[in-house]
Amino acid sequence: MVQQRTNPLRKYIRNRKLPHFFCPGCGCGQILNYFLKAVDDLQLDFKKIITIGGVGCTARIPIYLNTDSLHGVHGRTLAWATGIKLYRPDLKVVIFAGDGDLVSIGGNHFLHASRRNLDVTVILVNNFNFAMTGGQVAPTTPFNSVTMTTPYGSKENTIDVCKLAVSAGATYVSRWSTAKPIQTVKSIKKALQHKGFSLVEILSQCPTNFGRYALRTGDPEKVLEWIKNRSISKTKAEKLNEHELKDKFILGEFIDKKRPVFQGTTLFKEEDN
Amino acid sequence: MEALDGNSAIAEAIKQIEPDVVVSYPQSPSILILEAIALFIANGEMDSEFLNVESDYSAMSTCIGVASSGGRVFTATASQGLALMHEALFIASSLRLPIVIGVTNRTLAAPINFNADHSDSMAQRDSGWIQIFSENSQEAYDNIIQAFKIAENKDVRTPVMVGIDSVVTSNLCENIHIQKNEEILEFENKSNPTYSVLDIENPKTVGSLCASDYFFEHKMNQNNGIENSRKVIKNVGKEFGDRFNRYYGYFETYELEDAEYAVILMSSSAGTAKKAVDEMRKRGEKVGLLKLRVFRPFPYKELRESLSNLKSIAVLDRVLTPGTYGGPLFIETMAALYNLDKRPLVYPYIYGLGGRDITLKHIENIFDDMKMAFDNGKGIPEIKYINLRE
């Protein structure tokens, strides 16, 4: 007889909140797993972690975690995190934000948290659209994509969140995708251990909305494949010109450095890091 | 006749009106209005510019930009979206910009909820906007068409928000009458804007700093706009009725002429209340209903005329304003009636928060309670909450 085993990460899950709300094939479930794997590997004190979600599909991730969490207003996660960090610098604050949340309605907070090098970890789930409201164009939607508000393709340029974070002053920035689980977990671990503003952008599949409208497929595998085929590593990308990099997602670490972190009016000295 | 939900009815009206610009930011469930419009524009069924912006605040700010350069503009929002627009709403009304927005009235967080109540619109009741509430899809369509004509009237020049109840009206299909395009164009008859910042011949600045020397006068000018709208709303409602045979005023009365007891409320629950009144009338009870359509400007004079002969009335507010004696509709109704020599007793009720149901039975109970309280000597009415767990 096969002995039934529970997932070792199950202890971090708020069981009474299950079954979860994500669509079949959504990347959010995977990312929840990656985060728990990283926490488990690092043996972090789960009681010292606060998770924050704004509004959107990704923002629901903290609801299933057995941490203290805040959940509520679209785009304000980083403003809340700033408040928490100033009062309780001993807590580890992890933000789960969608692309709409972090760089559309909350774009301003994102710039200033990066600028201040606020000591938080942001896990950005980029599914290329506003998914919770039914698949509308977002600042991350690739050029010419069909969405519910761009019925014949979007004609606006996209934002490169990682470049933005680096230029605004973030100190750990990386981009991975749900098609690269090992690298993503590794990167989340680095981000969690990093002192300063760390951002892990994870390209993720949204079969229900982005898949069906922009890619004409509701099949999660095919959306994942689309992400994989468009992705290129940073080292390879360095050898290619701008034309060849058009429509490509560059994966890898973009910055990993030390800088004094924001602590209200007093700054940690660099030696303290 | 066409079967349309409230969102599609608004989108259909916008298609016929063809504003110069439609601004879009997703909020549930008002985004369905904008998605429908996006498709109309993409398919060439209407000729407007469609803009996807990055937040609700940007949406209202963009509307201000369009309207102050003389263009016609529309956007739709709900709940948190309207709350985020708060600051810009005051700018729009103070600059006398005839913007029209559709609001699917949804409650405000926390906790997050997607269902109907009037918390979002009521929180903006002092923003200087004209506020019109719709009972069903037909009224949503009709109100949007009238809204542009009211807002753009040269004596008014005040923005208008048209509310429909989230989910119950916005997402449920009903058979409604859609007028022909040419009928709507003839009715609208767009007038020229009073000013445009893009008037190169006469360069001007709007909204610049004004100290205590003239600020009060500016605000009174703004107030004149919304005061003037009283007459315009009435005339537009009548003209609409003359053309399309559906008449509109500040409110709709139902079996109120000889009634002794009445209920006052707004939006979708009026359907339930009408049915309850019918049932009670069958049993010989003298009850009636007043459904308020225009909350701003508040039609206090007209309400006095309609309500002063009643024995008592129950005012049903679909919003909780913590720490007040009754909701905004109750407070304003009381204020309208207080100075009369003979006035009915007014009971405050709160109902339907976050989409909580109100049924025929609840409304019948309200009438019964009111009657009993009146017969047993008055006392001071306390706030009652309908369909709330004890």
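Bear in mind that the values here come from a model prediction, so they are computed numbers and not experimental data. Convention: sequence-line order gives letters A, B, ...; per-chain numbering from 1.
To the nearest 0.5 angstrom, A:M132 atom CE is 11.5 Å from B:Q27 atom CD. One distance of note links CD1 of B:I31 with CZ of A:F130; it measures 9.0 Å at 0.5 Å rounding. The distance from atom NE2 of A:H74 to atom CG of B:L84, rounded to the nearest 0.5 Å, is 10.5 Å.
B:Y25 places a side-chain heavy atom less than 4.5 Å from the side chain of A:I105. The shortest side-chain heavy-atom distance between A:H71 and B:I112 falls under the 4.5 Å cut-off.
Between A:E156 and B:N52, the closest heavy-atom pair is OE2-O, 3.8 Å. Here the shortest heavy-atom pairing between B:E35 and A:T149 reads CG-CG2, 4.1 Å. The two residues B:A38 and A:P151 come nearest to each other via the heavy atoms O-CG, 3.6 Å.
Using a 4.5 Å cut-off between heavy atoms, B:S24 touches chain A through its side chain atoms alone. In this structure, the portion of B:F50 lying under 4.5 Å from any heavy atom of chain A is its side chain and not its backbone. Residue contact with chain B, scored on non-hydrogen atoms closer than 4.5 Å, involves the side chain of A:V55 exclusively.
A:K246 NZ: 12 or fewer foreign heavy atoms inside a 6.0 Å radius. Surrounding CG of B:N115 are more than 12 heavy atoms belonging to other residues, nucleotides or ligands, all under 6.0 Å away. In B:E45, the CD atom is crowded: over 12 heavy atoms of neighbouring residues, nucleotides or ligands sit closer than 6.0 Å.
Of all the listed residues (B:L32, B:D56, B:N43, B:I37), the one sharing the greatest number of non-hydrogen pairs under 4.5 Å with chain A is B:N43.
Without hydrogens or angle criteria, A:S104 side chain to B:E54 main chain gives a donor-acceptor distance under 3.5 Å.
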